K.L.:
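Below you'll find the structure I mean.
Convention: sequence-line order gives letters A, B, ...; per-chain numbering from 1. Quick caveat: nothing in here was measured; it's all calculated off a predicted structure.
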Amino acid sequence: MSQPPSVQRTAICIDKVCKVYGPPDSGVVALHEVDLTIYDNEFFTLLGPSGCGKTTLLHLIAGFEDVTAGTIRLFGKDIVSLPPNKRPINTVFQHYALFPHMSVLENVAFGLKMKSVAADTAQARAQEMLELVQLQQFSHRMPNELSGGQQQRVAVARALAPHPKVLLLDEPLSALDLKLRQSMRDELKRIQKTTGITFIFVTHDQEEALTLSDRIAVIESGEIQQVAVPKELYEAPRNRFVAKFIGDVNLIDIEIDDMTDNGLVRVRTKSGDLIEAVPNGSGHKCGPGHVAIRPERLNVTRKGGDGILTGRVRELIYLGTDTQIIVETEGSYELTVRVQNAHQSHVDVSPGDIVHLRPDAGTVQLLAD
Amino acid sequence: MAGGINLQTNWSTKASNSISGKQFLQLFPAMAAISFFLIGPLTFILIYSFLTPGTYGGVEWQFSTESYLQFLFERDLITDELIFENAYLLVFLRSLVLALIATISCLLIGFPTAFFIATRSEHNRNMWVLLITVPYWVNLLIRTVSMLFILRDEGPINAALIGTGIISEPIHMAYTNFAIGMGLIYSYLPFMVLPVYASLERFDFRLMKAAYDLYAGRWSILLRVILPVVKPGLIAGSLLVFIPCLGAFIAPDILGGGKKLMIGNLIAMQFQASRNWPFGSAAAMILLTIVLIALTVAARQPRPGKEVA
């Protein structure tokens with residue numbers, strides 16, 4: 001999936017939402033004029049470091065906290081004044097928050113019971129949800145008799161049972177160990193595809209975000225830095241924060257030289273190398289700036305020339321599948337190159353060698369800041 | 001009393017059948033203490049309850065079930081016939097009703113109090129718990145007498161009501177069942193607050209959020225999530241209030257003016273003024289039986305985590 005098709009319905013529309021803790025004029029700003037559109041049937045991820053405001057945004061959507069300003073619309077209907085129990089939105093909590101005195105089945109049926117769904121319908125629906133998360137044989141167990149992964153699946157079933165219009169997931173995998181986290185990831189993706197419910201997933205784990213999401217919003221300091229599909233986020237980060245937060249990256253200080261005929265921007269590094277960068281669309285003028293190049297997009301060559309970076313190998317780090325080459329340039333900045341070990345010939349360098357690095361065409365990204 | 005709470009958790013723990021010599025030595029101090037302070041006196045009371053009263057107190061060593069019969073019947077002096085007499089039964093009934101009312105009132109007052117404390121910041125919680133226990137630094141007798149001073153006709157409540165013109169005649173509160181109830185609630189409220197607070201303190205308040213998210217309103221959250229989870233604390237608190245209330249002695253004596261007897265007064269009377277030790281012992285045994293029944297009922301409550309729909 002590249003760009004979401006424009007025919008898609010908007011599930012959640014967040015319009016100039018601000019959240020300030022404490023007095024409105026002197027409090028702590030958690031979110032600053034956030035605009036965000038999340039489409040129906042989408043697996044949408046809010047990604048950011050802890051304290052960036054992503055959980056606050058989730059709480060605002062769920063209704064646990066009130067917005068300071070702005071509106072949140074659910075399928076066109078303003079929901080900011082509704083309490084959580086009046087919003088057709090359910091949450092999967094980070095620490096599951098299963099009711100310890102109820103069986104798995106009672107936990108899953110709880111939301112339906114509260115919505116006054118007839119007992120037998122609720123029971124059947126809860127069973128159906130347990131089958132969806134493959135826990136049907138555990139319906140009469142108590143939550144404390146289940147493993148962490150199973151409890152998390154019960155939490156997902158419980159949140160899905162009342163047919164929410166949007167499911168919120170608050171770092172649901174962070175309490176699980178690595179192996180379980182990977183299998184739960186696949187499970188979540190499958191459940192989202194099966195149910196077709198819009199998922200809004202909060203995480204600080206970029207790998208989780210890239211593998212699961214249809215689209216990702218990167219949040220930092222209460223502001224949205226970039227909203228894009230995973231591929232675009234990785235390959236065309238908008239600014240330095242996004243570039244650094246998603247994967248490994250070489251950030252190079254440059255001077256913007258001028259435009260080329262093919263729509264690229266010619267930039268000059270501190271060591272005087274000239275390379276071509278993809279503009280980021282937000283306009284640019286001559287002067288200092290930054291470009292981002294992923295380490296795996298740099299190729300070691302023996303020849304120097306136009307569009308090629310030059311430096312001296314400082315260190316080789318063997319990483320199993322890859323080898324990482326640290327190259328010092330004359331501009332006193334370092335470049336990291338990652339070469340797959342399958343192409344053994346390319347790693348035929350040793351510390352002290354002068355190497356030339358050719359970026360793949362169209363992979364040098366000019367950043368907005 | 002604390003044993004009553006442990007019944008809850010230890011009911012089903014497996015007891016090992018054989019005790020080694022070393023284990024016996026380790027258990028000996030506790031067993032000796034229990035024998036000396038609990039089983040010993042209880043055996044005396046049990047034996048005394050089946051003896052004949054001595055003329056000036058004490059007992060005659062002659063077997064008799066008269067004391068238990070006396071509880072329900074009166075012996076006609078001339079015909080030696082047993083006639084049903086409910087005076088003592090009424091005393092027990094009054095004790096039961098007053099203890100129940102006091103327990104329920106303590107639940108109604110104690111739960112919100114404990115909830116309030118449990119939702120304060122860590123530092124403030126300790127201060128509130130300390131404040132709850134402050135009245136306990138004052139002797140029970142003094143506290144009960146001060147309750148009498150508050151409730152009497154010339155007391156501050158009546159004075160305030162008359163002063164503001166709400167009533168013209170004082171409301172008679174002293175020396176009534178109401179006064180006894182007030183005294184019991186005041187005396188034993190902390191025994192409710194503290195165990196309920198202990199369970200609420202461990203309560204995961206995120207569960208409230210989860211229930212709120214799953215369409216539950218305030219009352220549903222309270223009734224279906226909070227109360228079931230903290231039920232062990234509620235039961236422990238109820239036992240800690242109900243049992244001493246049932247045998248209360250000072251509150252009915254002072255606040256009931258000696259006119260409204262409770263079991264505790266009845267027993268005390270038999271050992272003092274009436275000099276009928278066997279009957280006092282029998283009344284104590286009957287009280288003990290009631291308490292044991294109450295404990296059994298509480299222990300039979302399904303343990304959280306074992307209920308299956």
Side-chain angles (χ1 to χ4, degrees), chain A residues 58-59 61-65 82-117 119 122-123 126-127 139-146 154-155 157-164 166-168 170, chain B residues 5 8-13 107 111 114-115 118-119 121 195-238 298-309:
Chain A
L58 201 77
H59 283 178
I61 299 171
F64 296 131
E65 287 171 44
L82 296 177
N85 60 345
K86 298 275 190 283
R87 298 187 188 194
I89 296 173
N90 292 137
T91 309
V92 177
F93 294 91
Q94 187 174 8
H95 299 286
Y96 326 135
L98 297 178
F99 304 122
H101 58 295
M102 296 182 198
S103 71
V104 166
L105 190 68
E106 287 170 314
N107 262 285
V108 177
F110 185 83
L112 296 162
K113 207 168 169 183
M114 291 299 108
K115 282 179 92 182
S116 310
V117 172
Q123 198 94 347
Q127 271 299 352
S139 60
H140 293 292
R141 294 270 189 96
M142 299 307 288
N144 61 11
E145 296 168 325
L146 300 181
V154 174
R158 183 179 69 174
L160 282 172
H163 278 306
V166 171
L167 187 76
L168 308 178
D170 186 6
Chain B
I5 305 140
Q8 280 275 323
T9 46
N10 295 340
W11 204 249
S12 61
T13 48
L107 266 174
F111 178 79
F115 191 89
T119 47
S121 73
V196 174
Y197 164 71
S199 352
L200 274 170
E201 200 203 12
R202 276 173 293 154
F203 180 75
D204 181 358
F205 283 91
R206 289 176 297 205
L207 295 180
M208 281 172 66
K209 215 167 157 186
Y212 201 18
D213 187 60
L214 289 162
Y215 313 106
R218 282 170 201 283
W219 284 106
S220 295
I221 293 173
L222 178 69
L223 296 176
R224 292 177 188 277
V225 177
I226 304 174
L227 291 184
V229 174
V230 302
K231 198 164 80 177
L234 298 175
I235 291 174
S238 300
R300 284 258 180 97
Q301 288 289 320
R303 285 199 295 146
K306 286 292 161 211
E307 262 175 305
V308 171

K.L.:
Is chain B contacted by the side chain of Phe64(A), its backbone, both, or neither, given a heavy-atom distance below 4.5 Å?
P.N.:
side chain

K.L.:
What part of Ile89(A) is in contact with chain B, defined as an atom under 4.5 angstrom from a non-hydrogen atom: side chain, backbone, both or neither?
P.N.:
backbone

K.L.:
With a cut-off of under 6.0 Å to the ring centre and 45° to the axis, is Lys209(B) in cation-pi contact with Phe93(A)?
P.N.:
no

K.L.:
Please step through side chain to side chain contact (heavy atoms under 4.5 Å, CB included) for the pair Val104(A) and Glu145(A), ending with a clear verdict.
P.N.:
CA-CA 10 Å; Val104(A) 166; Glu145(A) 296 168 325; over 6 Å; no

K.L.:
Can you check whether Met208(B) reaches Val225(B) side chain to side chain, under 4.5 Å on heavy atoms?
P.N.:
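Answer no - side chains too far apart.
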
K.L.:
Would you confirm whether Arg87(A), through its side chain, and Leu82(A), through its main-chain N or O, come within 3.5 Å as a donor-acceptor pair?
P.N.:
yes

K.L.:
Are there residues of residues 198-207 of chain B that reach to under 4.5 Å of chain A by heavy atoms, and which ones?
P.N.:
Arg206(B), Leu207(B)

K.L.:
Find out whether Ser238(B) and Leu107(B) are in side-chain contact, i.e. whether some heavy atom of one side chain is under 4.5 Å from a heavy atom of the other.
P.N.:
yes

K.L.:
Side chain from CB out, backbone as N, CA, C, O: work out which of these in Leu168(A) comes under 4.5 Å of a heavy atom of chain B, or both, or neither.
P.N.:
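Neither; nothing under 4.5 Å.
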
K.L.:
Under a 4.5 Å cut-off applied to non-hydrogen side-chain atoms, are Asn85(A) and Met114(A) in contact?
P.N.:
no

K.L.:
Quick one, Met142(A) and Ser103(A) - any side-chain contact, counting heavy atoms below 4.5 Å?
P.N.:
yes

